[in-house]
Amino acid sequence: MLRKLTKRITNNFGLKILAAVFAIILWMVVVNIEDPEKTKGFTIPVTIENNEYLSDMGKTYEILNNTDKISFTVTGKRSIIEELSESDFTAVANLENINDDMTTIPVSVSASRYASQIEINKRDATLKVSVENLQTERFSVKVVTKGTPAAYCYVESTSSAPGKITVTGPESVVSQIKTAQAVVDISNAEENVATKSVQSILLDADGMRYLQ
């Protein structure tokens, strides 16, 4: 009995192996036809981590060329790709990974779903930045009035609290600031404008508004 069973198994063994391999290949073809691979593009904002890395060095940065958004493609089974949206991905630029010239930061992209079943394709994604030294300056606030008070009224004196403000920012910006003003509207005022809250305006050497 055992000899007959062995003979049945080994009879045309090569053909049986070939048939099994063919069946597996056919199954894979059918699966791929029913759920083929698909590639889809996404665009998401870049999250910046460890901002203190540069601020602790007394530096600040500005993002250049709108590189705080990244476009990439994802490849995977169609049934999976069609379920994915931008909210399933995150793009992160860690300031600790800034290059030696302090001009670019690599961006990593990850998926919150199906990470092991998809391929994320991005081409050397980097965040381009301009790094500058931080500068801090204090400016006296000059009160400037606009408008005309009520009849028989006039401006006797002006003052601000606080009398000085502190400005911190990129060196190229702060170095252009020369004066700070607080503009108060006194149109039709009949009494002291003592508690009016206004925003300081920063002006350059030509008296043009530089920051607000």
Side-chain angles (χ1 to χ4, degrees), residues 28 31-32 35-139 141 162 164-180 199-206 208-212:
M28 292 177 64
V31 169
N32 284 328
D35 195 8
E37 282 198 339
K38 181 179 180 180
T39 298
K40 183 179 179 181
F42 298 91
T43 300
I44 60 175
V46 177
T47 300
I48 301 172
E49 293 185 342
N50 291 323
N51 281 284
E52 66 276 6
Y53 178 73
L54 288 179
S55 60
D56 288 348
M57 298 167 59
K59 296 182 180 297
T60 186
Y61 68 92
E62 177 186 2
I63 298 171
L64 303 177
N65 305 327
N66 297 317
T67 52
D68 54 343
K69 286 189 176 181
I70 181 174
S71 297
F72 57 94
T73 60
V74 179
T75 301
K77 295 297 184 182
R78 181 177 61 186
S79 59
I80 293 176
I81 296 300
E82 289 180 349
E83 285 191 34
L84 296 173
S85 65
E86 279 81 0
S87 62
D88 293 310
F89 300 92
T90 55
V92 176
N94 190 324
L95 285 181
E96 289 186 359
N97 298 326
I98 193 168
N99 66 343
D100 292 339
D101 295 333
M102 291 193 170
T103 56
T104 59
I105 306 163
V107 177
S108 62
V109 180
S110 59
S112 59
R113 297 196 298 157
Y114 305 113
S116 62
Q117 301 177 60
I118 59 176
E119 180 182 357
I120 300 174
N121 314 292
K122 59 184 182 68
R123 297 181 179 177
D124 300 325
T126 57
L127 186 74
K128 294 179 173 59
V129 294
S130 172
V131 177
E132 288 188 64
N133 291 327
L134 277 171
Q135 181 174 338
T136 299
E137 296 288 348
R138 283 178 60 80
F139 299 92
V141 179
K164 290 188 175 183
I165 60 172
T166 300
V167 178
T168 299
E171 186 176 35
S172 63
V173 174
V174 177
S175 63
Q176 298 295 317
I177 300 170
K178 299 304 178 184
T179 58
Q199 186 175 20
S200 296
I201 297 174
L202 305 176
L203 305 175
D204 64 13
D206 296 323
M208 300 297 293
R209 179 179 297 187
Y210 199 78
L211 287 175
Q212 184 172 353

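The shown structure was predicted, so the numbers you read here are calculated from the model rather than taken from an experiment.
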Is there a side-chain contact between [X] and [Y] in this structure, where contact means two heavy atoms from C-beta onward sitting under 4.5 Å apart?
X: N51; Y: Y61; result: yes
X: V74; Y: K40; result: no
X: T168; Y: V174; result: no
X: L54; Y: M57; result: yes
X: V129; Y: L95; result: no

Can you give me the closest heavy-atom contact between [X] and [Y], atom names plus distance?
X: T104; Y: K128; value: CG2-CG, 4.3 Å
X: S87; Y: S112; value: O-OG, 4.4 Å
X: L84; Y: Y114; value: CD2-CD1, 3.8 Å
X: T43; Y: S71; value: OG1-OG, 2.8 Å
X: A115; Y: A111; value: CB-O, 3.9 Å
X: S175; Y: E171; value: OG-O, 2.8 Å

About how many Å separate [atom2] of [Y] and [atom1] of [X], when rounded to the nearest 0.5 Å?
X: D204; Y: K178; atom1: CG; atom2: NZ; value: 9.0 Å
X: L202; Y: F139; atom1: CG; atom2: CZ; value: 7.0 Å
X: E119; Y: T75; atom1: CD; atom2: OG1; value: 5.5 Å
X: K38; Y: I118; atom1: NZ; atom2: CD1; value: 13.5 Å

Whether [X] side chain and [Y] backbone form a donor-acceptor pair below 3.5 Å:
X: D35; Y: S79; value: yes
X: T73; Y: T39; value: no
X: K122; Y: V107; value: yes
X: N65; Y: T67; value: no
X: N97; Y: I105; value: no
X: D88; Y: R113; value: no
X: E132; Y: S172; value: yes

Next on the checklist: So, using salt bridge (charged side-chain N to carboxylate O under 4.0 Å, His left out) as the criterion, who are the partners of D68 when residues are at least two apart?
Outcome noted: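 Result, salt bridge (charged side-chain N to carboxylate O under 4.0 Å, His left out) vs D68: none returned.
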
Checklist entry - Going through the distances and angles, do I98 and V131 end up as a side chain to side chain contact (heavy atoms under 4.5 Å, CB included)? => result CA-CA 10 Å; I98 193 168; V131 177; 4.0 Å; yes

Item to check | I81 and E83: CA distance, side-chain angles, deciding distance, side chain to side chain contact (heavy atoms under 4.5 Å, CB included) verdict | outcome: CA-CA 5 Å; I81 296 300; E83 285 191 34; over 6 Å; no

Item to check | N66 atom CG: more than 12 heavy-atom contacts under 6.0 Å | outcome: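 No.
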
Next on the checklist: A quick test of your reading: do over 12 heavy atoms of other residues, nucleotides or ligands sit less than 6.0 Å from CD of E62?
Outcome noted: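 It does not: E62 CD has 12 such atoms or fewer within range.
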
Item to check | Which residues share a side chain to side chain donor-acceptor pair (under 3.5 Å) with Q117, sequence neighbours left out | outcome: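 Result, side chain to side chain donor-acceptor pair (under 3.5 Å) vs Q117: none returned.
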
Item to check | With F89 via ring pair (Phe, Tyr, Trp, His ring centres under 6.0 Å) - residues at least two apart | outcome: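 Ring pair (Phe, Tyr, Trp, His ring centres under 6.0 Å) list for F89, sorted by chain: F42, F72.
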
Next on the checklist: Side chains of T103 and N99: any donor to acceptor distance under 3.5 Å?
Outcome noted: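 Indeed, the side chains of N99 and T103 share at least one donor-acceptor pair under 3.5 Å.
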
